[in-house]
Amino acid sequence: MSASPETRAQPSMAPAAAGRPAEGRLVLALCVLTLVLVILVIGAGLLYVAMRHPSLTGPLSVATGGVALIVALTGVLLTLFAAARR
């Protein structure tokens, strides 16, 4: 005879819960890698456009500088936020 559903042993959730921090780090690492690759592709595209159309070099430099400034400020703010949470 088979055991009723109430008396069957339930699988332990401990191994899955123990593995979650590692999964979170893996997901974070993959997101960072994806972001870096996207930034490189965009940078390569801008470099190509600047080489094909030299008259756009000035405006593209200003736009790239502006984006770099925003990324740098975002990094500083995230660092300050992370330090404040500790």
Side-chain angles (χ1 to χ4, degrees):
M1 297 192 129
S2 66
S4 67
E6 295 80 27
T7 59
R8 283 189 210 151
Q10 296 294 323
S12 173
M13 297 303 283
R20 288 183 189 251
E23 287 178 13
R25 289 187 193 125
L26 178 63
V27 169
L28 179 63
L30 290 174
C31 287
V32 169
L33 177 64
T34 302
L35 180 65
V36 167
L37 290 175
V38 166
I39 290 171
L40 285 174
V41 167
I42 291 171
L46 289 175
L47 180 64
Y48 173 77
V49 168
M51 291 179 79
R52 292 286 289 177
H53 306 284
S55 63
L56 294 177
T57 303
L60 284 175
S61 297
V62 172
T64 304
V67 170
L69 179 65
I70 291 171
V71 169
L73 289 176
T74 303
V76 168
L77 291 175
L78 287 175
T79 303
L80 292 174
F81 179 72
R85 289 188 67 186
R86 289 184 177 241

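In this text, all values refer to a predicted model and were calculated from it rather than measured experimentally.
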*asked:* Using the rule side-chain contact (heavy atoms from CB on, under 4.5 Å), only one of Ile39, Leu33, Val32 pairs with Leu35; which is it?
replied: Ile39
_side-chain contact (heavy atoms from CB on, under 4.5 Å) partner of Leu46, chosen from Val67, Thr64, Val41_ = Thr64
*Between atom NE2 of His53 and atom OH of Tyr48, what is the distance when rounded to the nearest 0.5 Å?*
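Nearest 0.5 Å value for the NE2-OH distance: 7.0 Å.
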_Same apolar cluster: Val27 and Leu37, side chain cutoff 4.5 Å_ = no
_Could you see if Val49 belongs to whatever hydrophobic cluster contains Ile42? Use Ile, Leu, Val, Met, Phe, Trp, Tyr and a side-chain cutoff under 4.5 Å._
yes
*For residues Pro54 and Thr57, report the shortest heavy-atom separation together with the two atoms involved.*
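Scanning both residues, the minimum pair turns out to be O-OG1, 2.9 Å.
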